[in-house]
Peer 1: 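Okay, here's the structure, questions in a sec.
Quick note: numbers below take in every heavy atom, side chains included, and nothing from hydrogens, waters or symmetry partners.
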Amino acid sequence: MRVIGTYFMLLSYFSSSFLVVAFMPSRLHGSFQISATTTIVTTISQQSSSLQASRVISTFEPDDFALPTGNWPYTEADMGRLDPTDDANFYDYPRFVTHIDDRAIESLTEYYREEFGKMYEKKGSKIDILDLCSSWISHFPKEMEDAYGLTVGIGMNEEELAKNSQLYMHYVQDLNKNPLLTQFQDNSFDIVTNVVSVDYLVKPKEIFQEIHRVLRPGGVALMSFSNRCFPSKAIAMWLQADDIGRLSIVGSYFHYSAQWETIEALDIRLARVEAPPRPSVQDILKDPSKAFAWASTAGAVAKMNAGDPMFVVKGVKKGVS
């Protein structure tokens, strides 16, 4: 049994299904299935590109929170950081690295593919995207670039932003100093994204209010994160929380900032890949290379399955009534 806070995952190596139960003060979504595989080819090609059949961990409702929208329950201590110095110094030099592993990146891009596709189909024209806390890569699906309209990034490092080929334009802006997005009019974007950076925000209420303002009716905000961070720059209550606690924190940012149509917590990590069947002793005696092939593939699968978790809290702005 794997325990993440109050989020229990029961896994069986020998079964093609497992149960996910999330105990939260909200609406839960139960079990899902993963197809068993019998060959290495099927294992890698089919399972690696499919999302879990039921990704929603919980939906948040107004009565899940202690206070109504517009209030703010968090203190200066909650938003405190081990390193309170100017973030411009921390991000002064470019970091052309990724902060989550390849499997988590693949999961995020697959999730974007699904969300962007739904928005494009719903809108019937190109979609405009704002990527907050952006860097040299945004993880947007490359094959969907014809569906993108205006793609804008806001980040801390000019060199990183300039290298991001998926951005039409960008701004260098420290959201912890200036959380206002005054360069954009109301209802300017269909989607707002933020990747593994929500834990560094010290003015989340103002930022989430601005996200709500610049989104068009029916637009979505996708705040993704894993379990990695720069501890010196993450806020105190983030470091003290487990994964479920962090989902609740981000859900509360949405709730207290504005009236959203829906707020959901999702596990977007791609489905576990089943290891290939172990060859029999007779097979190995006939062809010793099968033992090496199995060990190599099983090791790669184990590494893939042991990677970073990936979560999203999704807010949908109310549509035109």
Peer 1: Nearest heavy-atom pair of Y74 and S252: which atoms, and what distance?
Peer 2: OH-OG, 2.6 Å
Peer 1: Mark yes or no for whether T262, through its side chain, and G315, through its backbone, hold a donor-acceptor pair below 3.5 Å.
Peer 2: no
Peer 1: What pair of heavy atoms forms the shortest contact from I207 to L132, and how long is it?
Peer 2: CG2-CD1, 4.3 Å
Peer 1: Considering only residues two or more places apart or on different chains, which pairs with a residue in residues 132-148 satisfy salt bridge (charged side-chain N to carboxylate O under 4.0 Å, His left out)?
Peer 2: R113-E143
Peer 1: Given the rule that I, L, V, M, F, W and Y join up when any side-chain heavy atoms are under 4.5 Å apart, are M169 and L161 in one cluster?
Peer 2: no
Peer 1: Out of curiosity, D308 CG to R103 CZ, how far, rounded to the nearest 0.5 Å?
Peer 2: 12.0 Å
Peer 1: Rounded to the nearest 0.5 Å, how far does CG of L215 lie from OG of S188?
Peer 2: 9.5 Å
Peer 1: Side chain to side chain contact (heavy atoms under 4.5 Å, CB included) between I211 and F189: does it pass, once the steps are laid out?
Peer 2: CA-CA 9 Å; I211 291 172; F189 296 97; over 6 Å; no
Peer 1: I need the minimum non-hydrogen distance between V312 and L247, along with the two atoms involved.
Peer 2: O-CD2, 4.3 Å
Peer 1: Can you list everything that forms a ring pair (Phe, Tyr, Trp, His ring centres under 6.0 Å) with Y112? Sequence neighbours excluded, please.
Peer 2: F116, F140
Peer 1: K314: which residues meet the salt bridge (charged side-chain N to carboxylate O under 4.0 Å, His left out) condition with it, sequence neighbours left out?
Peer 2: E115
Peer 1: Taking NZ, NE, NH1 and NH2 as the nitrogens, is one of them in R55 or E264 under 4.0 Å from a carboxylate oxygen of the other?
Peer 2: no
Peer 1: Show the nearest heavy-atom pair for residues P73 and L67, with the distance to one decimal.
Peer 2: CB-CD1, 4.0 Å
Peer 1: Can you sort out the partners of T75 under side chain to side chain donor-acceptor pair (under 3.5 Å), two or more places apart, ordered by chain and number?
Peer 2: D78
Peer 1: Membership question, hydrophobic clusters at under 4.5 Å side-chain separation (ILVMFWY): are L175 and L167 in the same one?
Peer 2: no
Peer 1: One pair to check against side chain to side chain contact (heavy atoms under 4.5 Å, CB included): V172 and I154. What are the steps and the verdict?
Peer 2: CA-CA 6 Å; V172 175; I154 292 180; over 6 Å; no
Peer 1: Partners of H212 by side chain to side chain donor-acceptor pair (under 3.5 Å), sequence neighbours excluded?
Peer 2: none
Peer 1: State, to 0.1 Å, how close S226 and P309 come at their nearest heavy-atom pair, and which atoms those are.
Peer 2: OG-O, 2.6 Å
Peer 1: Tell me whether the centres of the aromatic rings in Y120 and Y148 are closer together than 6.0 Å.
Peer 2: no
Peer 1: For residues G153 and S134, report the shortest heavy-atom separation together with the two atoms involved.
Peer 2: CA-CB, 4.0 Å
Peer 1: Is it true that a side-chain atom of D64 and a backbone atom of E61 form a donor plus acceptor pair closer than 3.5 Å?
Peer 2: yes
Peer 1: Could you check K317 against N187 for side chain to side chain donor-acceptor pair (under 3.5 Å), going step by step and ending with a plain yes or no?
Peer 2: CA-CA 10 Å; K317 183 174 178 177; N187 308 322; 3.1 Å; yes
Peer 1: Can you check whether D174 reaches D86 side chain to side chain, under 4.5 Å on heavy atoms?
Peer 2: yes
Peer 1: What distance do N176 atom CG and E206 atom CD have between them, rounded to the nearest 0.5 Å?
Peer 2: 10.5 Å
Peer 1: Strictly below 4.0 Å, N to O, side chains only: are K118 and E121 in salt-bridge contact?
Peer 2: no
Peer 1: State whether the side chain of T69 and the backbone N or O of Y256 hold a donor-acceptor pair below 3.5 Å, judged by distance alone.
Peer 2: no
Peer 1: Apply the test side chain to side chain contact (heavy atoms under 4.5 Å, CB included) to residues R246 and F311: give CA-CA distance (whole Å), side-chain angles for both, the deciding distance (0.1 Å), then the verdict.
Peer 2: CA-CA 10 Å; R246 292 166 179 171; F311 303 103; over 6 Å; no
Peer 1: Give the other cluster members for L180, using side-chain heavy-atom distances under 4.5 Å between Ile, Leu, Val, Met, Phe, Trp and Tyr residues; answer none if it is isolated.
Peer 2: none
Peer 1: Restricting to side chain to side chain donor-acceptor pair (under 3.5 Å), what partner residues turn up for S138, sequence neighbours left out?
Peer 2: D131, N164
Peer 1: Output the distance between atom CD (E159) and atom OG (S135), rounded to the nearest 0.5 Å.
Peer 2: 11.0 Å
Peer 1: Going from CD1 on I263 to OG1 on T59, what distance comes out if it is rounded to the nearest 0.5 angstrom?
Peer 2: 9.5 Å
Peer 1: Counting only pairs under 3.5 Å, give me each side-chain donor-acceptor contact of residues 195-202, with atom names and distances, residues two or more places apart or in other chains.
Peer 2:
unit_1: S197; atom_1: OG; unit_2: V195; atom_2: O; d: 2.9
unit_1: Y200; atom_1: OH; unit_2: F230; atom_2: N; d: 2.8

Peer 1: For W260 and V220: C-alpha separation, side-chain torsions, deciding distance, then whether side chain to side chain contact (heavy atoms under 4.5 Å, CB included) applies.
Peer 2: CA-CA 10 Å; W260 297 83; V220 299; over 6 Å; no
Peer 1: So, taking the atom named CD1 in I268 and the one named OG1 in T109, what distance separates them when rounded to the nearest 0.5 Å?
Peer 2: 9.0 Å
Peer 1: For F65, which of W72, F60, Y253, F254 qualifies under ring-ring contact (aromatic ring centres under 6.0 Å, His included)?
Peer 2: F60
Peer 1: K203: what forms a salt bridge (charged side-chain N to carboxylate O under 4.0 Å, His left out) with it, not counting sequence neighbours?
Peer 2: none
Peer 1: Which residues satisfy the side chain to side chain donor-acceptor pair (under 3.5 Å) test with E158, sequence neighbours excluded?
Peer 2: H170
Peer 1: List, one per line, each side-chain donor-acceptor pair under 3.5 Å for residues 231-238, sequence neighbours excluded.
Peer 2:
unit_1: K233; atom_1: NZ; unit_2: D83; atom_2: O; d: 3.2
unit_1: K233; atom_1: NZ; unit_2: T85; atom_2: O; d: 2.8
unit_1: K233; atom_1: NZ; unit_2: D87; atom_2: OD1; d: 2.8

Peer 1: Side-chain contact, heavy-atom cut-off 4.5 Å: Y111 with M310?
Peer 2: no
Peer 1: According to a hydrophobic-cluster definition based on side-chain heavy atoms being under 4.5 Å apart (Ile, Leu, Val, Met, Phe, Trp, Tyr only), do L82 and I249 belong together?
Peer 2: no
Peer 1: Mind jotting down which residue pairs meet the salt bridge (charged side-chain N to carboxylate O under 4.0 Å, His left out) criterion with at least one end in residues 180-191? Sequence neighbours excluded, please.
Peer 2: K123-D190, D186-R213, D190-R216
Peer 1: Any sub-3.5 Å donor-acceptor pair from Q173's side-chain atoms to N178's backbone N or O?
Peer 2: yes
